[in-house]
Amino acid sequence: MSAAAAAAAPTAAPGSHSAPLHTISILVRNKPGVLVRVALVFSRRGYNIESLVVSADVTNGQFSRMTITCSGDPETLEQIIKQVTKLIDVVHAFDHTGQFVYETEVALVKIECKLADRTEILQIAELYSAKVVDYGVDSLIVRIVGAAEKIDVFLRLLRNYQIVELVRSGKILMTRGLETT
């Protein structure tokens, strides 16, 4: 495994973060500089952002949704959410920790593999419902979709092979039922 892939692959067991993980969704106006202003609020409070996903709202292109996964104490997070909500281009911000939500993540993994190793890699991919999206002469690219824990376990199994490159999307979520995220 390359040094970059080793650094990107999870080393700690799931759930072993020193501070609890929180997932926040923020609806913002789709304008330049909004992301920087939101990130600065987290930074000033010393809060670590684990992942950040931003996408334009398909129903109204004037807005974007940010999904931030971060770690830190709940009291500080409460203050951060209050400060973020006060920003001019922020419509609303919610901490979804402990709520009834559907969450998922996507990862692409490029694996250097000889023909002899492909059968084992394909079996692991099939077991985790991962899809091979590119077959090369000496490599495969595998896409896996699911909960962060599922992806972590999948990547641990692939450590026995030469991971050339790894890209993870970060968590996205949506509240279940008719409640707006």
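Judged by the 6.0 Å distance and 45° axis criteria, Arg176 is not positioned over the aromatic ring of Tyr102.
Between the CG atom in Asn30 and the CZ atom in Phe63 there is a gap of 9.5 Å [rounded to 0.5 Å]. Atoms CD1 and SG, on Ile80 and Cys70 in that order, are 6.5 Å from each other to the nearest 0.5 Å. To the nearest 0.5 Å, atom NZ of residue Lys114 and atom CD of residue Gln162 are 9.0 Å apart. Interatomic distance, Glu120 CD to Leu157 CG, rounded to the nearest 0.5 Å: 11.5 Å. Between atom CG of residue Leu52 and atom CG of residue Leu35 there is a gap of 5.5 Å, rounded to the nearest 0.5 Å. Remark: Leu140 CG to Leu122 CG distance equals 6.0 Å, nearest 0.5 Å.
Gln83 is listed as a side-chain neighbour of Arg45, based on a closest heavy-atom distance under 4.5 Å. In this structure, Ile172 and Glu103 have side chains that are not in contact, with every pair of non-hydrogen atoms separated by 4.5 Å or more. At a threshold of 4.5 Å between non-hydrogen side-chain atoms, the residues Val142 and Ile111 count as touching. Annotation: side chain of Asp95 is not in contact with side chain of Thr23 (no heavy-atom distance under 4.5 Å). In this structure, the side chains of Phe42 and Val84 come closer than 4.5 Å at one or more pairs of heavy atoms. Within the 4.5 Å cutoff, the side chain of Lys150 has heavy atoms near those of the Ser129 side chain. Here the side chains of Thr175 and Thr180 are not in contact, with every heavy-atom distance at 4.5 Å or above. Taking 4.5 Å as the limit, every side-chain heavy atom of Val101 sits out of range of all side-chain heavy atoms of Met174.
The closest donor-acceptor contact from the side chain of Ser169 to the backbone of Val106 lies under 3.5 Å. Not a single donor-acceptor pair under 3.5 Å links the side chain of Tyr47 to the backbone N or O of Val41.
In this structure, Ile121 and Cys113 approach most closely via the heavy-atom pair CD1-CB, 3.6 Å. Considering all non-hydrogen atoms of both residues, Ile81 and Phe94 come closest at CD1-C, 4.5 Å. The heavy-atom pair separating Ile163 from Leu155 by the smallest distance is CD1-O, 4.5 Å. The two residues Ile151 and Gly146 come nearest to each other via the heavy atoms CD1-O, 3.8 Å. Between Phe154 and Ala125, the shortest heavy-atom contact is CE1-CA, 3.9 Å. The two residues Asp138 and Arg118 come nearest to each other via the heavy atoms N-NH2, 3.8 Å.
Asp134 and Lys110 are not joined by a salt bridge, as no carboxylate oxygen comes within less than 4.0 angstrom of a charged side-chain nitrogen. By the 4.0 Å N-to-carboxylate-O rule, Glu105 lies too far from Lys171 to be salt-bridged with it. Using a cut-off of 4.0 Å between Lys/Arg side-chain N and Asp/Glu carboxylate O, Asp152 and Arg168 are scored as salt-bridged.
Note: the hydrophobic cluster containing Ile124 also contains Tyr135 (ILVMFWY, side chain heavy atoms under 4.5 Å, direct or indirect links). One hydrophobic cluster, built from ILVMFWY side chains closer than 4.5 Å, cannot hold both Val28 and Leu173; they sit in different ones. In the hydrophobic clustering of this structure, Leu108 does not group with Leu166; members are Ile, Leu, Val, Met, Phe, Trp, Tyr whose side-chain heavy atoms approach within less than 4.5 Å, directly or through other members.
Checked by atom type, the side-chain pair Glu50/Ser71 shows a donor-acceptor distance below 3.5 Å. Remark: the His22 side chain and the Thr97 side chain contain an N/O donor-acceptor pair separated by less than 3.5 Å. Counting only N and O atoms by type, the side chains of Glu112 and Tyr161 include no donor and acceptor under 3.5 Å apart.
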Trace of the side-chain contact (heavy atoms from CB on, under 4.5 Å) decision for Leu87 with Val38: CA-CA 8 Å; Leu87 294 174; Val38 169; 4.0 Å; yes
Pair Lys82-Gln79, side-chain contact (heavy atoms from CB on, under 4.5 Å): steps then yes or no: CA-CA 5 Å; Lys82 286 178 183 176; Gln79 291 302 313; 4.1 Å; yes
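The 12-atom threshold is exceeded at CG of Leu127, counting heavy atoms of other residues, nucleotides or ligands nearer than 6.0 Å. For CD of Gln99, the number of neighbouring non-hydrogen atoms (other residues, nucleotides, ligands) closer than 6.0 Å is greater than 12.
For the side-chain contact (heavy atoms from CB on, under 4.5 Å) with Met66, the lone residue among Val53, Val34, Leu27, Ile24 that qualifies is Val34.
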